[in-house]
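One structure is given here, and the rest of the page talks about it.
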Amino acid sequence: MLNSKIFRRLVTLFFSLIASCMAIFALYMLDTFNQNTLENISTKVVQSTRNIQFALSQPNNQSLLHSPHLATYLAEIAKVNNVDVYIFDEHKKLLAASNQATANLSMLDTLDTSQLDLTKVRTFTRKNIYTEQNHLLAATLLPTNNTNYILLVSGNIQSMSENYAHVQKITFISLAVAFIIAFLLSLHAARRFVRPIEQLTVAAQEFSAGKLDRRIHLTTNDEFAELGYALNNLAGTLANKISEMDMEKRKLELILEQMDDAVMLIDQQGRVQSINKYALNIFCAEKDTSTLLHNLDILGSAHFETAFRESLMQNISRTIDLKLKTNELNKVFRTYLTPITVAYSNTPKYVLCVMHDITAIMQVYDKQVEFVANASHELSTPLTSIRGFAETLEDVADNQQLVAKFSKIIQDEALRMQRLITDLLQLAKLDSLEYRKAIPLSQVTTAGLLENICTELMPQASAKNIKLSFENTNVQEVYTNIDWLKQALVNLTENAIKYTPIGGSVKLSSYLSNDCVKFAVQDTGKGMSEADLKKIFDRFYRVDSDRNRSTGGTGLGLSIVRFIVQILGAKIDVQSEQEIGTKFVISIPYSSNKAV
C-alpha cells in the first residue's frame, strides 16, 4: 500500500490540510495572546498615567512639582501601580523619577512634545539601555499654570515577552506532536480510502485476466461498495456473455469442421488467418501450416487472387467458379467471397471464402448436355432417314420393288427409334432414386434363366449363324430381382450377338466363385482396346459407331446394364482381347444366397 501513488498523495493532502489548519490556529492563538497581553499592559499603563495626571493636577498637589519630596511621591505611586514614573520639563530634562536607577533619558529623544496635550496619552515602546528590557511608555502633559511638564509612565513588558516566548515554545512543541498525530491520522484516513480502491483495482485486473468468478466484498456502505457491486454484476454478465460466445464459437467450429465446404478467412495481405479441416485436407495435405500461408501458396490461382482483391477493394461479395487440381484430381469449386469489416470501421479487413465442390454437379451437367446432344443426334438420324425415304416414295410410287425396299427401311428406322425411346425411358426410370428404391429384391431361383434367354435370342443368333449356348454349374437361389437380372443378361447377350462376326459363338454361364454367384456372357467377337473398356458403360458410346448403327444399336444397352447391376447390389467386370473376344461377368454376393 505504501508504494501506491494515490496513497502517498492522500497522505500528503490530509497531512497538509491538518498541519496547515493547526499551524494557522497556533499562529492565530500566539498573535491573539500577544495582542491581548500587550493591550492589557497598555491599558494598565494608560490608566496609571491618567490616575497620576489626575492626582498631580489637584490644587493641593501642585506644590509637589517643585518639592524635593516629588521623587518619593512618585515612588509610592509607581509601587502601587507597578510602573515607573518620570517627570520631565518642556526641554525634556528629568525633574524626578520613581526609580532613579532605571531612568533612561533617551526614551524621549524621538518624542515630539508638540503633539502632547492634557487630553491625550501617547503610547510607544522603547528598550531601556540600562536594563536591556523592553518598556511600554505612556506620555502626556501635566496641568500647570505657567510651565508644561511631561509625565512619562513606563510599564515593563519584558515579562510579557518572556511569557510569549514560553507560550511560543509550548505551542511549537504541541504543533510538533500534533503534526505527528496528524501524520498518523492521515495514514489511517488514506488507508481507509485506498484499501477499497486497491481491492477494486486488484479485482479489475483479475477480471481483465479472465478470472470472472472473482467477487468484491466491501463493507464501507458508500460509493465504493456500490462500485464493487456494479463490478460484480458486470463480471457476472460478462462471464455469461463469454460463455454464450464460447458455446457459439464451439458450435461454429463444429459446423466448420463438419462442413463439406472449404472455408478460409483471408486478411488484407492475402494470408490465410483461419482454415477449416476440409480445406486443410484438400489444399494443405502436403504443406507446412505452422506459419501463415498466402492464398497463392494454398490455391495457386491468379483468378482467385484477382477476385479476392476486387472483393476487398470494392467491399462487395463475389461468386466465381474456380477450377483447381487437388490430390491429382481436377475439381471445380463454386467460390463465394464476402468482405468482413471490423467494429467502428467501414474498411474491410478480411474476406471470408467458402468453396463448395461442384465437381459432381458439373460432371452431371456435362453428361446431361452430352446426353441431350447424343439423344438429339440419335433421334435425328432415323427421323431424317424416315423423312427422306418417305419423300422418295412419292417419286417411285409406280415401282413396287423400290416402294417395298423404302418401306422396309422406314420400318427399320422407326423400330430403331422406338428402341432408342424405350431405352431412354428405361434409363430415366433407373435414374430415379424413388423408382430404384421401389424395385423389390428377394431370394429367387435362377433355374432355367439362361436357357430362357438363349431360347428368346436364338433367332437373332441364327440369323448370323452364331452358336448360342449356356452352361449351369449349379442351380442357385440368388437374392435379387429376377426380372432386372434377366434384362441385364439379355442386354449383354444381344450386345455380344451384335458384335460377334458371322459364324462366331456366344456362351452364357453361371457358377460359384469367391462367395459370389457369377453370371458370364462370353463372345468371340473382335474385342476392345483398353481405351474402349473405360468408356463402354457411358451413354451413347459405341466402339464402332457406323457398324453399331447398321445393326440397330442405340448405345444405351451397357449403360442400362450398369444401372441394373448397381440396383441389385452386384458388380460387373469386363475382360476383352482384340480379335479374340469379350467376357462380361456379373457378380452377386453370396452372403444372402443359398444353394439348392
Side-chain angles (χ1 to χ4, degrees), residues 419 422-461 466 468-500 505-523 525 533 536-539 553-576 581-596:
R419 287 194 299 272
T422 302
D423 288 347
L424 287 174
L425 291 174
Q426 197 171 42
L427 268 178
K429 286 195 295 185
L430 293 174
D431 239 345
S432 172
L433 182 60
E434 293 181 359
Y435 181 81
R436 293 166 69 172
K437 287 183 177 179
I439 295 176
L441 300 179
S442 61
Q443 203 80 14
V444 295
T445 180
T446 61
L449 176 62
L450 299 185
E451 182 180 357
N452 292 337
I453 293 174
C454 288
T455 301
E456 291 176 9
L457 298 180
M458 186 60 70
Q460 298 181 25
I466 294 175
L468 182 60
S469 60
F470 68 92
E471 179 183 354
N472 280 325
T473 304
N474 289 302
V475 179
Q476 296 290 325
E477 276 193 356
V478 182
Y479 187 77
T480 185
N481 184 289
I482 193 64
D483 294 329
W484 282 109
L485 176 60
K486 179 180 178 180
Q487 181 65 53
L489 292 173
V490 167
N491 285 7
L492 290 175
T493 306
E494 285 182 339
N495 198 64
I497 294 172
K498 292 173 185 176
Y499 279 91
T500 300
S505 64
V506 175
K507 181 181 180 181
L508 283 68
S509 60
S510 65
Y511 54 93
L512 289 173
S513 176
N514 298 327
D515 295 331
C516 289
V517 177
K518 297 191 176 185
F519 297 89
V521 178
Q522 185 172 6
D523 63 48
L533 288 176
I536 57 174
F537 292 106
D538 294 344
R539 297 173 183 180
T554 64
L556 298 175
L558 292 181
S559 295
I560 295 174
V561 171
R562 182 186 62 179
F563 271 107
I564 294 173
V565 169
Q566 291 175 354
I567 293 171
L568 300 179
K571 184 176 68 170
I572 185 168
D573 297 307
V574 57
Q575 302 171 4
S576 182
T582 303
K583 182 179 182 181
F584 287 89
V585 180
I586 297 176
S587 302
I588 300 177
Y590 187 60
S591 56
S592 300
N593 303 328
K594 58 182 180 179
V596 178

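Everything numeric in this text was worked out from a predicted model, so none of it was measured. What's counted below: heavy atoms across the whole structure, side chains too, no hydrogens, waters or symmetry copies.
- In this structure, the side chains of Y479 and L441 come closer than 4.5 Å at one or more pairs of heavy atoms.
- Between I586 and L492 the shortest side-chain heavy-atom distance falls below 4.5 Å.
- In this view, K486 and E456 satisfy the salt bridge (Lys or Arg N to Asp or Glu O under 4.0 Å) rule, not counting sequence neighbours.
- The salt bridge (Lys or Arg N to Asp or Glu O under 4.0 Å) search around K507 returns E471, not counting sequence neighbours.
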(message) side chain to side chain donor-acceptor pair (under 3.5 Å) for N491 and Q487? Distances and angles first, verdict last.
(response) CA-CA 6 Å; N491 285 7; Q487 181 65 53; 2.8 Å; yes

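- Partners of A520 under the side-chain contact (heavy atoms from CB on, under 4.5 Å) rule, at least two apart in sequence or in another chain, are S509, Y511, K583, V585.
- At distances below 3.5 Å, not a single donor-acceptor pair connects side-chain atoms of D523 with backbone N or O atoms of G581.
- Atoms CE and CD1, from M458 and I466 in turn, are 11.0 Å apart once rounded to the nearest 0.5 Å.
- With sequence neighbours excluded, no residue satisfies side-chain hydrogen bond (donor to acceptor under 3.5 Å, both in side chains) with T493.
- Taken to the nearest 0.5 Å, the CH2 atom of W484 stands 6.5 Å off from the CD1 atom of I567.
- Rounding to the nearest 0.5 Å places CG of N495 at 11.0 Å from CD1 of I560.
- To the nearest 0.5 Å, atoms CG (N452) and CZ (F470) are separated by 9.0 Å.
- Across all their heavy atoms, S576 and T582 have their closest contact at OG-OG1, 2.9 Å.
- Annotation: side chain of L508 is not in contact with side chain of F519 (no heavy-atom distance under 4.5 Å).
- Nearest heavy-atom pair across K518 and S587 is CE-OG, 3.4 Å.
- Here I564 contributes atom CD1 and L485 contributes atom CG; the two are 8.5 Å apart, rounded to the nearest 0.5 Å.
- L468 CG to I497 CD1: the interatomic distance, rounded to the nearest 0.5 Å, is 5.5 Å.
- When every heavy atom of A570 is checked against every heavy atom of P589, the shortest pair comes out as CA-CD, 4.4 Å.
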